[in-house]
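Just follow the structure's listing: the first ligand is 1, and inside any ligand the first atom is 1.
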Amino acid sequence: MRIDILTLFPDMIKPALSHSMMWRATHYGFVNIHVHDFRAFSESKHKSVDDSPYGGGAGMVLRVEPVVNALRSIENHEHALKILMTPQGITYNQTRAETLSKNEHIIILCGHYEGYDERIRDYFDVEISIGDYVLTGGEIAALAVVDSIVRLIPGVLSNDASAQEDSFSNALLEYPQYTRPRVYEGKSVPDILLSGHHEEIAKWRFEEAVRRTKIRRPDLYQQYQENKKK
Ligand code: SAM
């Protein structure tokens, strides 16, 4: 898989790629991630990438030409899935992460300033929001998307089963987890987890996942119940 990230702040992205799963995924060749500073593609004398909005108003607007030039400089960009990060996009979730992780090539644009020249949207296939709040720029949002995709590529997690058991992967939140010590300040690990009965443990975990989802996320629980009927 290849991921290209277009940004005005490459130094916000690059350090995050050198740690944990994103480092593992790139280091072992599961994914190639390229970070491009699209300011370099501005045709203006001072390499500006923004301008004031037609019609007036607060803030600056990202200009179309540096973005499109940067996009076209990427090898095979015609065949890549092009994603625009924006709070106006579809809300990101685990199902979308699973779908994106099956793409061969993804290009992600991180916005900045007050917004995009509307014509930029014509060059992208999908608009993604990571939630109903506004960030200063798209870098943190893009990293959230990249991290969630990369850990789903088979082989990236040392134990692929852990991704399958993660919250949301089957429309349920994950069951409660415990590790040593067996008792901490009077709080004990449930006996079932010490029993060695794998089938009983799996049953308990499943029931706990359902119970937890019902209490914490009634919306997800309802979706889970509807999926069961299908
Ligand atoms: N004025 C814009 C609006 O209301 O839609 C918000 C602009 S925001 C300050 C600047 C950039 O940050 C956006 O273009 C986008 O790339 C990114 N961004 C901010 N919040 C985001 C979110 N929730 N999800 C994805 N990207 C976001």
* To do: For His112 and Phe9, run side-chain contact (heavy atoms from CB on, under 4.5 Å): C-alpha distance rounded to whole Å, both residues' side-chain angles, the deciding distance at 0.1 Å, then the answer.
  => CA-CA 10 Å; His112 207 75; Phe9 299 94; 3.4 Å; yes
* Start with the C-alpha gap between His19 and Trp23, add the side-chain angles, then the distance that decides, and say whether ring pair (Phe, Tyr, Trp, His ring centres under 6.0 Å) holds. => CA-CA 5 Å; His19 300 280; Trp23 172 81; 9.4 Å; no
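Not a single heavy atom of Tyr92 sits closer than 4.0 Å to an atom of ligand 1. For the ligand labelled ligand 1, residue Asp132 lies outside the 4.0 Å heavy-atom shell.
When heavy-atom distances to ligand 1 are checked against a 4.0 Å cut-off, Ala141 comes that close only through its side chain, counted from C-beta outward. Here Tyr116 has side-chain heavy atoms under 4.0 Å from ligand 1, and that is the only part of it that gets that close.
Inclusion of Ile130 in the set of residues having an N or O under 3.5 Å from an N or O of ligand 1 is warranted. For ligand 1, the polar-atom distance check finds an N/O of Gly131 within less than 3.5 Å of one of the ligand's N/O atoms. On a distance-only criterion, Glu114 and ligand 1 share at least one N/O pair closer than 3.5 Å. Residue contacts with ligand 1: Met85 is placed with a nitrogen or oxygen under 3.5 Å of a nitrogen or oxygen of the ligand (distance criterion only).
Which parts of ligand 1 touch Ser129 is read off a 4.0 Å heavy-atom cut-off, strictly below it: atoms 23 (N), 24 (N), 25 (C). Near Tyr113, meaning under 4.0 Å from one of its heavy atoms, ligand 1 places the atoms 7 (C), 8 (S), 9 (C), 10 (C). Near Ile128, meaning under 4.0 Å from one of its heavy atoms, ligand 1 places the atoms 25 (C). Of all atoms in ligand 1, numbered sequentially from 1 with element shown, those under 4.0 Å from a heavy atom of Gln88 are 3 (C), 5 (O). The ligand atoms of ligand 1 that sit less than 4.0 angstrom from a heavy atom of Gly111 are 11 (C), 14 (O), 16 (O). Heavy-atom contacts of Gly138 reach the following atoms of ligand 1: 12 (O), 16 (O), 17 (C) (cutoff under 4.0 Å).
Side-chain atoms of His36 and Asp4 include a donor-acceptor pair closer than 3.5 Å. Side-chain contact, Thr86 with Glu127: no donor N or O sits under 3.5 Å from an acceptor N or O.
Of the listed options Leu109, Leu135, Leu62, Leu135 places a heavy atom closest to atom 8 (S) of ligand 1. With Thr136, Thr91, Thr86 as candidates, the residue nearest to atom 10 (C) of ligand 1 on a non-hydrogen basis is Thr136.
Following chains of ILVMFWY side-chain contacts shorter than 4.5 Å, one can reach Tyr28 starting from Leu17, so the two form part of one hydrophobic cluster. No path of Ile, Leu, Val, Met, Phe, Trp and Tyr side chains, each step under 4.5 Å between heavy atoms, connects Tyr175 with Phe168, placing them in separate hydrophobic clusters. Ile153 and Leu157 end up in the same hydrophobic cluster when Ile, Leu, Val, Met, Phe, Trp and Tyr side chains are linked at under 4.5 Å.
Summary of contacts: the protein heavy atom closest to atom 23 (N) of ligand 1 is Tyr133 O, 2.8 Å. Regarding atom 21 (C) of ligand 1, its nearest protein heavy-atom neighbour is Pro87 CD, 3.6 Å.
Heavy-atom contacts from other residues, nucleotides or ligands closer than 6.0 Å to CD1 of Ile201 number more than 12. Within 6.0 Å of atom CD in Glu199, 12 or fewer heavy atoms from other residues, nucleotides or ligands are found, so the atom counts as exposed in its surroundings.
In this structure, the side chains of Val49 and Leu8 come closer than 4.5 Å at one or more pairs of heavy atoms.
Without hydrogens or angle criteria, Lys82 side chain to Asp125 main chain gives no donor-acceptor distance under 3.5 Å.
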